[in-house]
Amino acid sequence: MTEKKEHLLLVFENLFKTQSECSCDILSECGLSDITVKQIGYLKLIDDNGDVTFSRLARITRNSKPTITEMVNKFVKMDCVYKEKSSKDGRIFYIRLTEKGRKIARAEENALLRVIEKMADSLDEKEIDTLIDLLEKVW
């Protein structure tokens, strides 16, 4: 590997490390530093799918309804979700994220925003424009 590529690797490792630290900080702020990646994934699915019922979440995740019920009950105890009865059909419950659940579901995105803020604070406008141009060229 060339010296420049090694240097680029170190720079990106530092960026990812900073994002990971920010993500961990967000989870710690929620009091859930021990939440699993899989649980975060389920919270993201709930966040992304809006009016999600137990049946719909079971289909999306390819799990049984009892598995989803168990998972949702754990999330309720963790104060990440609550169940809301449908106003049209009392047999149907929607799974809703609490503010805490939403914060966890969006932790990765918010961590990336924190990294971008740190970068923007250390660069001037011209440097930010140059960085954007370079990154757009790569992607």
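- Note on Val76: it does not cluster hydrophobically with Ile92, by side-chain heavy-atom contacts below 4.5 Å among ILVMFWY residues.
- Looking at every heavy atom in both residues, Val115 comes nearest to Cys22 through CG2-SG, 4.5 Å.
- Interatomic distance, Thr53 OG1 to Lys65 NZ, rounded to the nearest 0.5 Å: 8.0 Å.
- Between Thr18 atom OG1 and Glu13 atom CD the span is 11.5 Å, to the nearest 0.5 Å.
- Note that OH of Tyr94 is 16.0 Å distant from NZ of Lys83, once rounded to the nearest 0.5 Å.
- Within the model, atoms CG of Asn73 and CD1 of Ile68 stand 11.0 Å from one another, a figure rounded to the nearest 0.5 Å.
- Contact of the Tyr82 side chain with the Thr98 side chain is registered, since non-hydrogen atoms from C-beta on lie closer than 4.5 Å.
- A donor-acceptor pair shorter than 3.5 Å can be found between the side chains of Asn63 and Tyr42.
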**OP:** Take Ile128 and Leu131 through the side-chain contact (heavy atoms from CB on, under 4.5 Å) test and state the conclusion after the steps.
**Re:** CA-CA 5 Å; Ile128 291 171; Leu131 178 60; 5.6 Å; no
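- Heavy-atom contacts from other residues, nucleotides or ligands closer than 6.0 Å to CD of Glu3 number 12 or fewer.
- Looking at Lys126 and Asp124, no side-chain N of the basic residue comes within less than 4.0 Å of a carboxylate O on the acidic one, giving no salt bridge.
- Contact of the Lys4 side chain with the Leu8 side chain is not registered, since no non-hydrogen atoms from C-beta on lie closer than 4.5 Å.
- The shortest distance between side-chain heavy atoms of Leu123 and Thr130 does not fall below 4.5 Å.
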*Test side-chain contact (heavy atoms from CB on, under 4.5 Å) applied to Ile95 and Glu84, step by step*: CA-CA 6 Å; Ile95 305 163; Glu84 182 180 288; over 6 Å; no
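- A distance of 8.0 Å separates CD1 in Ile132 from CG in Leu135, rounded to the nearest 0.5 Å.
- Contact detail for Ser23 and Ala111: the closest heavy-atom pair is N-CB, 3.5 Å.
- In summary, Arg106 and Glu109 do not engage in a salt bridge, as defined by a charged side-chain N under 4.0 Å from a carboxylate O.
- Within the 4.5 Å cutoff, the side chain of Arg114 has heavy atoms near those of the Ile26 side chain.
- Under the 4.5 Å side-chain heavy-atom criterion for grouping Ile, Leu, Val, Met, Phe, Trp and Tyr, Phe93 is connected to Phe75 within one hydrophobic cluster.
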What verdict does the side-chain contact (heavy atoms from CB on, under 4.5 Å) test give for Ile35 and Leu43, after you've listed the backbone C-alpha separation in whole Å, the side-chain angles of each residue and the deciding distance to 0.1 Å?
CA-CA 11 Å; Ile35 192 167; Leu43 291 173; 4.0 Å; yes
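- In the model, Thr67 has a side-chain atom that pairs as donor or acceptor with a side-chain atom of Ser64 under 3.5 Å.
- A distance of 12.0 Å separates NZ in Lys100 from CD in Glu29, rounded to the nearest 0.5 Å.
- In this structure, the side chains of Asn110 and Leu113 come closer than 4.5 Å at one or more pairs of heavy atoms.
- A 6.0 Å sphere centred on CD of Glu108 holds no more than 12 heavy atoms belonging to other residues, nucleotides or ligands.
- A salt bridge between Arg96 and Asp51 is present, with a side-chain N of the basic residue lying under 4.0 Å from a carboxylate O of the acidic one.
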Margin query: As a quick check of understanding, evaluate side-chain contact (heavy atoms from CB on, under 4.5 Å) for Ile104 and Leu97, giving each step before the final call.
Written below: CA-CA 10 Å; Ile104 293 165; Leu97 291 178; over 6 Å; no
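- In this model, no donor atom of one side chain and acceptor atom of the other lie less than 3.5 Å apart for Lys44 and Asn49.
- At a threshold of 4.5 Å between side-chain heavy atoms, the hydrophobic network of Ile, Leu, Val, Met, Phe, Trp and Tyr places Phe12 and Met119 in one connected group.
- For the 3.5 Å distance criterion, the side chains of Thr36 and Gln39 qualify, holding a donor opposite an acceptor.
- Lys5 places a side-chain heavy atom less than 4.5 Å from the side chain of Thr2.
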